[in-house]
Novice: 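My questions all concern the structure below.
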Amino acid sequence: MNSICYIAGLGTSVPHTTLSNFDFEKIMDTSDEWIVTRTGIKNRHVLAKEQNVSDIAYEASIKAIQDAKIDKSEITHILVATCSPQNLSPSVACLIAEKLGMSSVSGLQTISPKNPSLVCFDFNAACSGFIYGLELARAFLMLHRNATILLVTAEGLSRRLNYQDRTTSILFGDAAGAVILRDHGDYLYSVLDVSIGADGDYKDLIRIGGGTEWQAKVGDRIDDTFFLSMQGREVFKHAVRGMTQESFKLLERNHLAISDIDLFIAHQANMRIIEAVGERLGIAKDNVFTNLEKYGNTSASSILLAMDEAREKGILKKGNKTLLTAFGAGLTWGSALLS
Ligand code: COA
């Protein structure tokens with residue numbers, strides 16, 4: 001199978017500050033036992049006061065650039081998947097460009113017919129952001145041969161968690177991930193195919209406030225609509241269905257059986273969801289990689305955190321067939337096939 005998109009470098013970053021289940025026991029009526037049994041999560045990393053998502057996004061980007069052994073001047077696009085951006089505007093993508101010092105190589109002062117201008121923007125597909133980003137990158141690579149895309153996932157959901165809501169606040173953590181995507185050159189993994197979907201009828205199942213719906217005046221108090229809210233049980237059901245069905249669709253389209261899959265990495269939301277999807281797909285337990293116990297649900301970044309660790313452990317291998325799948329607010333979902 002030929003590809004139009006290759007992962008040339010990969011990097012991730014998590015903040016140093018951690019919040020364990022035992023830390024939650026001190027601030028709300030919950031227990032390590034309840035959280036581990038219902039979710040599989042033991043720990044999460046959260047932004048420190050002086051940190052923001054562009055800081056961890058920049059760190060992940062630098063690692064991906066170094067891993068790909070490219071120079072930053074080769075980057076033509078910075079695409080950032082986030083549902084917890086630093087500001088409504090400017091985009092996290094522009095903040096990363098500034099931190100990387102891209103202005104001198106592809107900014108306003110360098111516009112010329114010979115020099116490609118840098119493209120930067122954020123997009124929101126919530127926890128499905130990485131899979132959506134792979135599809136976006138494939139589209140850009142078809143339009144612009146020789147493009148070098150820095151695809152970043154940057155999430156700081158701890159800043160939008162209601163720590164009085166024990167059902168949602170225990171689930172999420174902060175993290176960033178980055179990959180360099182190209183249609184040429186040395187690579188780690190090839191992106192064979194991607195399939196994504198969405199259904200706005202389920203818009204109310206997971207919501208994060210702070211946009212224009214929130215009609216605040218200076219001096220107003222923040223109320224709970226500002227924070228993340230979720231109908232957990234409903235989300236659980238749809239997540240299992242969405243990830244299973246989209247994965248079967250992708251396999252069928254590529255004439256593959258589940259037995260052809262060497263490794264399965266699902267969005268690291270909840271161990272029970274991952275197990276349910278794995279069972280429905282019929283994938284061997286040994287071929288399912290998870291690391292959510294350390295990080296919680298890091299939204300768009302969770303698959304990259306898992307890929308990075310699986311690579312380090314020698315489990316994610318070039319040439320082996322890896323199935324990725326994700327699900328998130330919107331509702332959105334998607335699956336991707338790597339080799
Ligand atoms: N600690 C202790 N008890 C808790 C608790 C916590 N952190 N959170 C909720 N509970 C309680 C509830 O108050 C409820 O008590 P009650 O029966 O006395 O009313 C009981 O546990 C069951 O609550 P419920 O919300 O029905 O639990 P659940 O089994 O559905 O588990 C989730 C809750 C959130 C773990 C589960 O619904 C889930 O994983 N959903 C998917 C969430 C997700 O992954 N979303 C992201 C997708 S991208």
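A quick note: this is a predicted structure, and the numbers were derived from the prediction, not measured. Order of appearance sets the numbers: ligands from 1, and atoms from 1 within every ligand.
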Novice: Measure the acute angle between the ring planes of Y187 and Y6, then classify it against the limits of 30° and 60° as parallel, tilted or perpendicular.
Specialist: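 Rings of Y187 and Y6: tilted, as their planes differ by 30° to 60°.
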
Novice: Any non-hydrogen protein atom below 4.0 Å of atom 48 (S) of ligand 1?
Specialist: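 Yes, there is one.
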
Novice: So between L228, D29, T39, whose heavy atom ends up nearest atom 35 (C) of ligand 1?
Specialist: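 It is T39 whose heavy atom sits nearest to atom 35 (C) of ligand 1.
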
Novice: Suppose we measure from atom 25 (O) of ligand 1 to each protein heavy atom; which comes out shortest, and what is that distance?
Specialist: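 For atom 25 (O) of ligand 1, the nearest protein heavy atom is T167 CG2, 3.8 Å.
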
Novice: Out of M243, R272, R38, who is nearest to atom 36 (C) of ligand 1 when you count heavy atoms only?
Specialist: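 Among M243, R272, R38, the closest heavy atom to atom 36 (C) of ligand 1 belongs to R272.
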
Novice: Below 4.0 angstrom, counting only protein heavy atoms, does anything approach atom 23 (O) of ligand 1?
Specialist: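 No, there is none.
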
Novice: Less than 4.0 Å from atom 17 (O) of ligand 1, is there any heavy atom belonging to the protein?
Specialist: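 So far as the 4.0 Å threshold goes, atom 17 (O) of ligand 1 is out of reach of every protein heavy atom.
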
Novice: Is L134 reachable from I4 through a run of hydrophobic residues whose side-chain heavy atoms are each under 4.5 Å from the next?
Specialist: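 No, no single cluster joins them.
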
Novice: For atom NZ of K42, decide whether the heavy atoms of other residues, nucleotides or ligands shown that lie under 6.0 angstrom number more than 12.
Specialist: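 Not more than 12 within 6.0 Å, no.
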
Novice: If hydrogens are left out, which of F327, W34, F172, F236 has an atom nearest to atom 9 (C) of ligand 1, that is, the closest non-hydrogen atom?
Specialist: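 The nearest heavy atom belongs to W34.
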
Novice: Would you check whether H267 reaches within less than 4.0 Å of ligand 1, judged by its heavy atoms?
Specialist: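 Contact present.
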
Novice: Please indicate, with yes or no, if any protein heavy atom is found under 4.0 Å from atom 7 (N) of ligand 1?
Specialist: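 Given the 4.0 Å limit, the answer for atom 7 (N) of ligand 1 is yes, a protein heavy atom qualifies.
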
Novice: Do any N or O atoms from the side chain of R145 and from the backbone of D183 form a donor-acceptor pair under 3.5 angstrom?
Specialist: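 Answer holds: no.
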
Novice: Of all the heavy-atom pairs spanning L10 and V179, show the shortest one and how long it is.
Specialist: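 It is CG-CG1, 4.0 Å.
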
Novice: Check ligand 1 against A269 and write out every atom of the ligand that is under 4.0 Å from a heavy-atom position of the residue.
Specialist: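 Counting from 1, the qualifying ligand atoms are 44 (O).
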
Novice: Considering heavy atoms of the protein only, find what lies nearest to atom 1 (N) of ligand 1 and give residue, atom and distance to 0.1 Å.
Specialist: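 I find the closest protein heavy atom is T30 OG1, 2.6 Å.
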
Novice: Counting only heavy atoms, tell me which of N270, V240, I274, N297 gets closest to atom 39 (O) of ligand 1.
Specialist: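 Heavy atom nearest to atom 39 (O) of ligand 1 belongs to N270.
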
Novice: Take atom 4 (C) of ligand 1 and look for protein heavy atoms under 4.0 Å from it; say yes if you find one, no if not.
Specialist: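 Within 4.0 Å: yes, protein heavy atom nearby.
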
Novice: Counting from 1, what ligand 1 atoms have a heavy atom of I273 closer than 4.0 Å?
Specialist: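 Numbered from 1, ligand 1 contributes 41 (C), 44 (O).
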
Novice: Is the backbone N or O of L100 less than 3.5 Å from a side-chain atom of K72, with the two atoms forming a donor-acceptor pair by type?
Specialist: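 Flag set: sc K72 to bb L100 pair under 3.5 Å.
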
Novice: Which residue is it: H45, R44, Q268? I am looking for the one with a side-chain contact (heavy atoms from CB on, under 4.5 Å) to Y295.
Specialist: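 Looking at H45, R44, Q268, the match for Y295 under the side-chain contact (heavy atoms from CB on, under 4.5 Å) is H45.
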
Novice: Write out the residue and atom name of the closest protein heavy atom to atom 37 (O) of ligand 1, then the distance separating them to 0.1 Å.
Specialist: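 Here the nearest protein heavy atom works out to G232 C, 3.2 Å.
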
Novice: What protein heavy atom sits nearest atom 13 (O) of ligand 1, and how far off is it?
Specialist: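 Checked against all protein heavy atoms, atom 13 (O) of ligand 1 sits closest to R166 NH2, 2.9 Å.
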
Novice: Counting only heavy atoms not in K69 (residues, nucleotides, ligands), do more than 12 fall under 6.0 Å from its NZ?
Specialist: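 Atom NZ in K69 is not crowded, with 12 or fewer foreign heavy atoms closer than 6.0 Å.
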
Novice: Can you pull out the closest protein heavy atom to atom 30 (O) of ligand 1? Residue, atom name and distance to 0.1 Å, please.
Specialist: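 It is R233 NE, 3.0 Å.
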
Novice: Could you find the nearest protein heavy atom to atom 45 (N) of ligand 1 and give me its residue, atom name and distance?
Specialist: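 Residue, atom and distance for the closest contact: M230 SD, 3.2 Å.
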
